[in-house]
Amino acid sequence: MRRRCASRDLRLADADFSDAAILTRDAALLQDTVREAGSLAQSMFRTELKKWIKGASSPVSEADIAVNDLLEARLRGATPDYGWLSEESADDATRLSRRLTWVVDPIDGTRNYLNGHDEWCVSVALVEDASPVLAAVFAPVSNEFFFAARGQGTTLNDKPVRATAGTALDFARMAGPKPMVERLDVSGGDIKLHPRIGSLALRLCRVANGGLDAAFAGGNSHDWDLAAADLIVQEADGRMSDLSGGPILYNRREVTHGVLVAAGRDRHASIVAHFRNRPLP
């Protein structure tokens, strides 16, 4: 009898926890786990790895799988009632019925990683219903750790950051597929963009700390490429959306997205207005 009462008391105590307390707990878990995952990925970087192609042309390696396994063990082990959506895990449809779901890219920028280039990262978000509430993106080589919690701002290496203000379009401070960005240039001249950033999550996060004024994602990006960066941009006084300005919804049955743009709040509004008047074909 005593055991049953103790169990009931524990359930009541758990029920008394506020969402804020749960998110605080999960924020600490997320930060510690992503740092650990980044260290594992870096320890395997520029070593001889087994690699193969999945789908039509996506590279994957034993490092992607090892990092995914670590993330899943730590995050799912601590939060077994949460859903799980990862680029490197078989999709489990039970995630669709979970209020909270981890959305994971173990190594975003795998091609860069396998080619020995520096710009790759670990990207993880916690999504509540269809919107991210916690996000961490860690680029170990450059030691950039972006973190955001809904309503609490964005930090880079524990220091607050913000997207650049204004509406001016400096193409040297914009990144993404050139044919798409060229549509913003009403002069029709030859524009020079910021050098390509092979990790989409990092490309978007560089908007959050003012490294870029705007960044675009071409079609066929996925939840795991976007969810963490989306919150990181939003909490840095930026916006990220499709070209009509519509929000991006996560943890749906369909996890693929079309063309997207991220920028500081006013610049984003200006870019969206431009594409409303000149839509893509």
Side-chain angles (χ1 to χ4, degrees), residues 22 26 29-30 33-34 36-38 40-41 44 49-114 120-138 150 198-205 217-232 240-242 246-260:
I22 292 170
D26 290 348
L29 169 68
L30 175 61
T33 302
V34 169
E36 186 179 359
L40 174 59
M44 302 176 77
L49 296 171
K50 294 179 183 175
K51 52 191 175 184
W52 57 95
I53 298 295
K54 64 180 180 183
S57 61
S58 296
V60 63
S61 77
E62 60 183 310
D64 297 88
I65 304 306
V67 174
N68 188 66
D69 288 349
L70 184 154
L71 290 166
E72 186 167 11
R74 299 288 189 274
L75 297 175
R76 296 192 87 178
T79 57
D81 294 333
Y82 292 8
W84 180 261
L85 174 62
S86 169
E87 181 176 15
E88 306 304 345
S89 298
D91 194 7
D92 180 355
T94 61
R95 66 181 173 79
L96 298 170
S97 62
R98 303 297 171 89
R99 184 171 70 91
L100 292 161
T101 294
W102 295 109
V103 179
V104 175
D105 196 341
I107 299 178
D108 183 73
T110 295
R111 282 190 179 85
N112 271 13
Y113 183 88
L114 293 177
W120 54 270
C121 63
V122 179
S123 177
V124 182
L126 182 62
V127 168
E128 181 179 31
D129 299 324
S131 301
V133 293
L134 292 174
V137 170
F138 182 30
R150 185 166 63 188
S199 161
L200 178 54
L202 269 184
R203 184 192 312 166
L204 297 166
C205 285
N220 205 38
S221 54
H222 296 82
D223 279 16
W224 45 79
D225 303 309
L226 305 169
D230 190 349
L231 184 65
I232 285 166
M240 184 167 143
S241 73
D242 62 28
I248 308 165
L249 302 179
Y250 299 100
N251 195 34
R252 302 300 196 180
R253 193 170 298 279
E254 177 55 61
V255 299
T256 304
H257 301 271
V259 177
L260 308 169

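Remember, predicted model here, so these are calculated numbers, not experimental data. Residue indices begin at 1 and follow the sequence shown.
Using a 3.5 Å distance cut-off with no hydrogens or angles, the side chains of D26 and Y82 do pair a donor with an acceptor. Looking only at atom types and distance, the side chain of S61 has no donor-acceptor partner in the side chain of W52 under 3.5 Å away. For the residue pair S199 and N112, no side-chain donor N or O sits within less than 3.5 Å of a side-chain acceptor on the partner. In the model, N251 has a side-chain atom that pairs as donor or acceptor with a side-chain atom of T101 under 3.5 Å.
Scanning all heavy atoms of the two residues, the minimum distance from S57 to R111 falls at O-NH2, 2.7 Å. Contact record, A228 with A136: CB-O, 4.1 Å, taken as the closest heavy-atom pair.
Judged as a side-chain contact (heavy atoms from CB on, under 4.5 Å), and not counting sequence neighbours, the contacts of T33 are L29, L70, L71, R74, L75. In this structure K51 satisfies the salt bridge (Lys or Arg N to Asp or Glu O under 4.0 Å) test with no other residue, sequence neighbours excluded. Contacts of R95 classified as salt bridge (Lys or Arg N to Asp or Glu O under 4.0 Å), with partners at least two apart in sequence or in another chain: D91. With sequence neighbours left out, the side-chain contact (heavy atoms from CB on, under 4.5 Å) criterion links A229 to L204, C205.
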Check against ring pair (Phe, Tyr, Trp, His ring centres under 6.0 Å), Y250 and H257: CA-CA 10 Å; Y250 299 100; H257 301 271; 5.8 Å; yes
Steps toward side-chain contact (heavy atoms from CB on, under 4.5 Å) verdict (V104, L85): CA-CA 6 Å; V104 175; L85 174 62; over 6 Å; no
side-chain contact (heavy atoms from CB on, under 4.5 Å) assessment of M240 paired with I248: CA-CA 8 Å; M240 184 167 143; I248 308 165; 3.9 Å; yes
Worked check of side-chain contact (heavy atoms from CB on, under 4.5 Å) between W224 and V255: CA-CA 8 Å; W224 45 79; V255 299; 4.1 Å; yes
V124 and W102: CA distance, side-chain angles, deciding distance, side-chain contact (heavy atoms from CB on, under 4.5 Å) verdict: CA-CA 7 Å; V124 182; W102 295 109; 3.9 Å; yes
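Rounding to the nearest 0.5 Å gives a distance of 5.5 Å between CH2 of W84 and CG of N68. Here H222 contributes atom NE2 and L200 contributes atom CG; the two are 11.0 Å apart, rounded to the nearest 0.5 Å. Between D105 atom CG and I107 atom CD1 the span is 8.5 Å, to the nearest 0.5 Å. Interatomic distance, L260 CG to S221 OG, rounded to the nearest 0.5 Å: 4.5 Å.
Side chain of S58 to backbone of G55: no donor-acceptor contact under 3.5 angstrom is found. Y113 places a side-chain N or O within 3.5 Å of a backbone atom of A41 that can act as its donor or acceptor partner. For the pair S89 (side chain) and S86 (backbone), a donor-acceptor distance under 3.5 Å is absent. E62 contributes a side-chain N or O that, together with a main-chain N or O of K50, makes up a donor-acceptor pair within less than 3.5 Å. A side-chain donor-acceptor contact under 3.5 Å links R98 to the backbone of D81. Side-chain N or O atoms of D108 include none that pairs as donor or acceptor with a backbone N or O of S123 at under 3.5 Å.
Among residues at least two apart or in separate chains, there is no salt bridge (Lys or Arg N to Asp or Glu O under 4.0 Å) pair with a member in residues 217-226. Screening residues 121-136 for salt bridge (Lys or Arg N to Asp or Glu O under 4.0 Å), with sequence neighbours left out, gives R99-E128, E128-R150.
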